[in-house]
Amino acid sequence: MSTAYDDVVALEWEPFSALNATPAARVTGTFTFPEGIGESNSWAWLHTGAASETTRGADGSLRFTVTDLPGGEYINVVVMTERRSDSAVARTQAGAMKRRILNQEQWEAQIADDDRRRRARGRIVMWSIPAALALILAVAALIGAQRACAQAHKGTEGFVYWREPPDMSPGLRAPRSSPMWCQASKGPWGTGR
C-alpha cells in the first residue's frame with residue numbers, strides 16, 4: 001500500500017470514495033504507524049467535505065472522526081513518514097517527494113479554506129439581505145407612524161373639547177319618564193284652574 005521514495009514513505013488511503021452512495025452518521029478510524037514512527041517524524045492529513053476532526057495519539061497514531069457523511073462524499077487519508085534504513089516497503093520509486101507532498105497538501109488546504117470562506121460569505125450575504133430589508137421596513141413603519149401622529153395632531157389643533165356638562169338649569173331638563181304633556185296642557189281637558 002505504501003510507496004517508499006528517496007526521502008519519505010507515503011500512503012494515500014480512501015476508505016470512502018465519491019462513488020459511495022450510502023450516507024453515514026459517524027465514521028471513525030485510527031491509522032497506526034510502525035514502531036519508531038511518531039508525530040515528530042510523520043505527517044497526516046484527512047480530506048473530506050463533511051465535518052471532521054483529527055487527533056494524534058501519544059504513539060503518533062492518527063485518529064479521525066467524520067460526522068454526517070452524505071452519500072457521494074469521500075474520505076481520503078494521506079500519511080507520510082520519514083524513510084528509515086530499516087523500512088521494508090515493497091513498492092519503491094526514485095526521487096524526493098517530501099517537499100512535493102507538503103506543497104500539495106498546503107495548496108489543497110488553501111483551496112479548502114478559500115472554499116469555506118466563500119461559502120461563509122455567501123451565507124452572510126444571504127442572511128444580511130433579509131435583515132437589511134427588515135430594518136428598512138421597520139424604519140419606514142416608524143417614520144409612517146410618526147407622520148400619522150403628526151397629521152392627527154395637526155387636525156385637532158384649535159379644536160376645543162371639554163368634558164364638563166353645559167350650563168343648564170335643572171328645570172330645562174326633564175326626565176324622560178315624567179309625563180310633561182300633562183303638566184303643560186291644562187286647558188279645556190284639564191281638571192283644575
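The structure places CG of N76 at 9.0 Å from OG1 of T48, a figure rounded to the nearest 0.5 Å.
Residues passing the salt bridge (Lys or Arg N to Asp or Glu O under 4.0 Å) test with R121, sequence neighbours excluded: none. Qualifying side chain to side chain contact (heavy atoms under 4.5 Å, CB included) partners for E39, counting only residues two or more places apart in sequence or in other chains: R56. Residues passing the salt bridge (Lys or Arg N to Asp or Glu O under 4.0 Å) test with R123: none are found, sequence neighbours excluded. Annotation: side chain to side chain contact (heavy atoms under 4.5 Å, CB included) contacts of P23 (sequence neighbours excluded): none. Partners of R26 according to the salt bridge (Lys or Arg N to Asp or Glu O under 4.0 Å) rule, which considers only residues two or more places apart in sequence or in another chain, do not exist here. Among residues two or more places apart in sequence or in another chain, the salt bridge (Lys or Arg N to Asp or Glu O under 4.0 Å) test is passed with R116 by D113. Listed by chain and residue number, nothing satisfies the side chain to side chain contact (heavy atoms under 4.5 Å, CB included) test with W127 (two or more places apart in sequence, or in another chain). A search for side chain to side chain contact (heavy atoms under 4.5 Å, CB included) contacts involving I143 returns V139, R147, not counting sequence neighbours.
Salt bridge R119/D115: present, at least one basic N to carboxylate O contact under 4.0 Å.
The hydrophobic cluster containing V125, built from Ile/Leu/Val/Met/Phe/Trp/Tyr side-chain heavy atoms closer than 4.5 Å, also comprises I129, L133.
W45 and V27 are assigned to two separate hydrophobic clusters, defined by single-linkage of ILVMFWY side chains at heavy-atom distances under 4.5 Å. Residues W43 and V78 are members of one and the same hydrophobic cluster, defined by side-chain heavy-atom contacts under 4.5 angstrom among Ile, Leu, Val, Met, Phe, Trp and Tyr. Linking Ile, Leu, Val, Met, Phe, Trp and Tyr residues whenever their side-chain heavy atoms come within less than 4.5 Å places W13 and I75 in a single cluster.
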Q) Under the side chain to side chain contact (heavy atoms under 4.5 Å, CB included) criterion, do Q146 and L142 qualify, and how do the steps go? A) CA-CA 6 Å; Q146 187 178 17; L142 287 173; over 6 Å; no
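The shortest heavy-atom contact between R83 and Y5 is NH1-O, 2.7 Å.
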Run the side-chain donor-acceptor check on residues 30-37: report pairs under 3.5 Å with partners two or more places apart or on a different chain.
none

If you look only at distance, which donor and acceptor atoms sit under 3.5 Å apart when one is on a side chain in residues 100-108 and the other is two or more places apart or in another chain?
from, atom 1, to, atom 2, distance (Å)
N103, OD1, R99, NH1, 3.4
N103, ND2, R99, O, 3.3
Q104, NE2, E108, OE2, 2.6
E105, OE1, H47, NE2, 2.8
E105, OE2, H47, NE2, 3.3
E108, OE1, H47, ND1, 3.3

Donor-acceptor list for residues 59-71 side chains, cut-off 3.5 Å, not counting sequence neighbours:
from, atom 1, to, atom 2, distance (Å)
D59, OD1, S61, N, 3.1
D59, OD1, S61, OG, 2.8

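The backbone N or O of S17 lies less than 3.5 Å from no partner atom in the side chain of N20, so there is not a single donor-acceptor pair. In terms of modelled atom types and a separation under 3.5 Å, the side chain of E73 and the main chain of G49 share a donor-acceptor contact. One N or O on the side chain of D7 and one on the backbone of M97 form a donor-acceptor pair closer than 3.5 Å. A donor-acceptor pair under 3.5 Å links the side-chain atoms of D6 to the main chain of G95, judged by distance alone. The backbone N or O of M80 lies less than 3.5 Å from no partner atom in the side chain of S42, so there is not a single donor-acceptor pair.
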